[in-house]
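Okay, so here's the structure we're looking at.
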2 protein chains.
Amino acid sequence: MTKSSVQSDETAALILNAAERLVAVRGFNGFSYGDAAKELGLTRAALHYHFANKADLGEALITRYGDRFADALAAIDARESEAMAKLEAYAQLYLEVLREGRMCLCGMLAAENETLPPSMQDAVSRFFISNQSWLSSVLARGTELGTVELRGSPDETAWLVINTLEGAMLLARSLHEVAILQSSIDQLMAGLRRGTRVDV
Amino acid sequence: MTKSSVQSDETAALILNAAERLVAVRGFNGFSYGDAAKELGLTRAALHYHFANKADLGEALITRYGDRFADALAAIDARESEAMAKLEAYAQLYLEVLREGRMCLCGMLAAENETLPPSMQDAVSRFFISNQSWLSSVLARGTELGTVELRGSPDETAWLVINTLEGAMLLARSLHEVAILQSSIDQLMAGLRRGTRVDV
DNA sequence: GTCTATAGGCAGATAGAC
DNA sequence: GTCTATCTGCCTATAGAC
């Protein structure tokens, strides 16, 4: 790999960093090449060299975000063996993003779905389906082992977990109240943990 | 009231109708005066006559939406006396909006929060707090009467309900799968209804 | 790779005729 | 109340110099 191509990759990564934060905070439609260029001390033309158009940049954003999320899930699998511990770690990912004042990138893009290029819509869908699939496996395994108690199927419950976390993030961020997410996580986990339910 | 002022009110209402749908589908940043004007067969200048600037239009949108939601909650209170029935009816409001292919107006605006004029941010916050307050009362009353069983305080659980519904709407809409919301509603309700929990 | 310059379009907003 | 015309500014994107 030549020096210039390394620099190119590094610049591309810096652009993705800035763009990811801007999109997660302001939305794809509230973000422009000019915003990112300004932050990086570059011109808009330089950004177009690395990402020819906004749809390309958007796709790259989602792909990298999805890859990073997949890595995080693999790390959780390597670190935690018990289902509830995995779920707690999963929820912590959302809390960390919120504490940076961001939305989940794909949660933000889901809101803007109707205005996104189809390639980005598809990438967002894949992100959620991948998360749901991981969660569903964790929930199914936890049920087998008796640490998790479901009210619906693992698939349905997996969606409930994602929905609750994404929605709680949305509300917590707009109300400037992290506790809104924290408390929803606590209640969600209490509802899944076997042996914490109080009546019949 | 003169005929012309009636026409003005009617035109203003038509503008709000078109704008509300466009914003709930495309977002405030994905919406323009031109979009609404085109739908109504008017010019952008005509819209500026009724709503001088976009922030004014946005505030009017939220105010009217909040008033309509408050009316719907009052109708629920008049129609249903039991807490779980009220909660089911509340959830149905979200399902109806989703079936029209829309997001909750304020859920959409919550995502775009950081790019909104402060007056709109405040109005969105008030909307959610008003909903949370109503839900909290319903949950507290249901607990007293023994039809509802909470895992947290009524306040915390009220946020959980809103978060879950907003998040489920967000995901269901972007994945074109109404069942994602329906199933989250079912699980949420099952978790609140006394006597449906299966273990201790 | 990054720049300057620019094209071409659409945005929000206003002025003034009707 | 609604129109046409216009201002101003920002946007995405490209061409071509360095």
Side-chain angles (χ1 to χ4, degrees), chain A residues 1-20 22-23 25-62 109 112 114-120, chain B residues 1-20 22-23 25-62 108-109 112 114-121:
Chain A
M1 191 177 275
T2 66
K3 180 167 179 241
S4 73
S5 78
V6 168
Q7 287 181 331
S8 169
D9 289 353
E10 284 170 1
T11 302
L14 290 175
I15 293 169
L16 289 172
N17 290 345
E20 181 180 316
L22 285 165
V23 173
V25 171
R26 305 174 47 86
F28 194 68
N29 293 330
F31 149 85
S32 73
Y33 271 54
D35 296 332
K38 195 174 191 177
E39 271 204 19
L40 297 165
L42 294 173
T43 59
R44 285 166 293 155
L47 271 67
H48 276 287
Y49 171 81
H50 294 278
F51 301 95
N53 57 55
K54 219 184 164 188
D56 287 347
L57 174 55
E59 281 180 68
L61 239 28
I62 303 168
L109 295 176
E112 298 176 293
E114 297 299 305
T115 66
L116 299 180
S119 59
M120 287 183 65
Chain B
M1 190 176 277
T2 65
K3 181 170 178 236
S4 71
S5 77
V6 167
Q7 288 181 329
S8 169
D9 289 353
E10 284 171 1
T11 301
L14 291 175
I15 293 169
L16 289 173
N17 289 346
E20 182 180 315
L22 285 165
V23 173
V25 171
R26 305 176 47 87
F28 194 69
N29 292 330
F31 148 86
S32 72
Y33 271 54
D35 295 333
K38 195 175 192 176
E39 272 204 18
L40 296 166
L42 293 173
T43 60
R44 285 168 293 156
L47 269 68
H48 277 287
Y49 170 82
H50 294 278
F51 301 96
N53 57 56
K54 219 184 164 188
D56 286 348
L57 174 55
E59 281 181 67
L61 239 27
I62 304 168
M108 177 64 83
L109 296 176
E112 299 177 293
E114 297 299 305
T115 66
L116 300 180
S119 60
M120 286 181 67
Q121 295 182 359

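Letters A, B, ... mirror the listed sequences (proteins, then strands); counts begin at 1. Note that the coordinates shown come from a computational prediction; the quantities given were computed from them, not determined experimentally. Atom set for the values below is all heavy atoms of this structure, side chains included, hydrogens, waters and symmetry mates excluded.
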Polar atom pairs (N or O), protein with nucleotides 6-13 of chain D, under 3.5 Å:
unit_1: D:dC11; atom_1: OP1; unit_2: A:S32; atom_2: OG; d: 3.0
unit_1: D:dT12; atom_1: OP1; unit_2: A:K54; atom_2: NZ; d: 3.3
unit_1: D:dT12; atom_1: OP2; unit_2: A:Y33; atom_2: N; d: 3.1
unit_1: D:dT12; atom_1: O4; unit_2: A:R44; atom_2: NH1; d: 3.2
unit_1: D:dA13; atom_1: OP2; unit_2: A:K54; atom_2: N; d: 2.8
unit_1: D:dA13; atom_1: N7; unit_2: A:H48; atom_2: NE2; d: 3.4

key: side chain to side chain contact (heavy atoms under 4.5 Å, CB included) partners of A:T115, counting only residues at least two apart   = A:N29, A:E112, B:R26
task = To the nearest Å, give me how far apart OH (B:Y49) and P (C:dT14) are.
result = 15 Å
task = Could you note down all residue pairs passing salt bridge (Lys or Arg N to Asp or Glu O under 4.0 Å) where residues 41-58 of chain B supplies at least one of them, sequence neighbours left out?
result = none
message = Going by the rule side chain to side chain contact (heavy atoms under 4.5 Å, CB included), which residues pair with A:A55 if we only count those two or more places apart in sequence or in a different chain?
response = A:N53, A:P117
ask   = Residues in side chain to side chain donor-acceptor pair (under 3.5 Å) with A:E114, at least two apart?
value = none
inquiry  = Is the phosphate of C:dG1 approached by A:T11 (side-chain N or O, under 4.0 Å from OP1 or OP2)?
reply    = no
key: B:A60: side chain to side chain contact (heavy atoms under 4.5 Å, CB included) partners, not counting sequence neighbours   = B:L16, B:F51
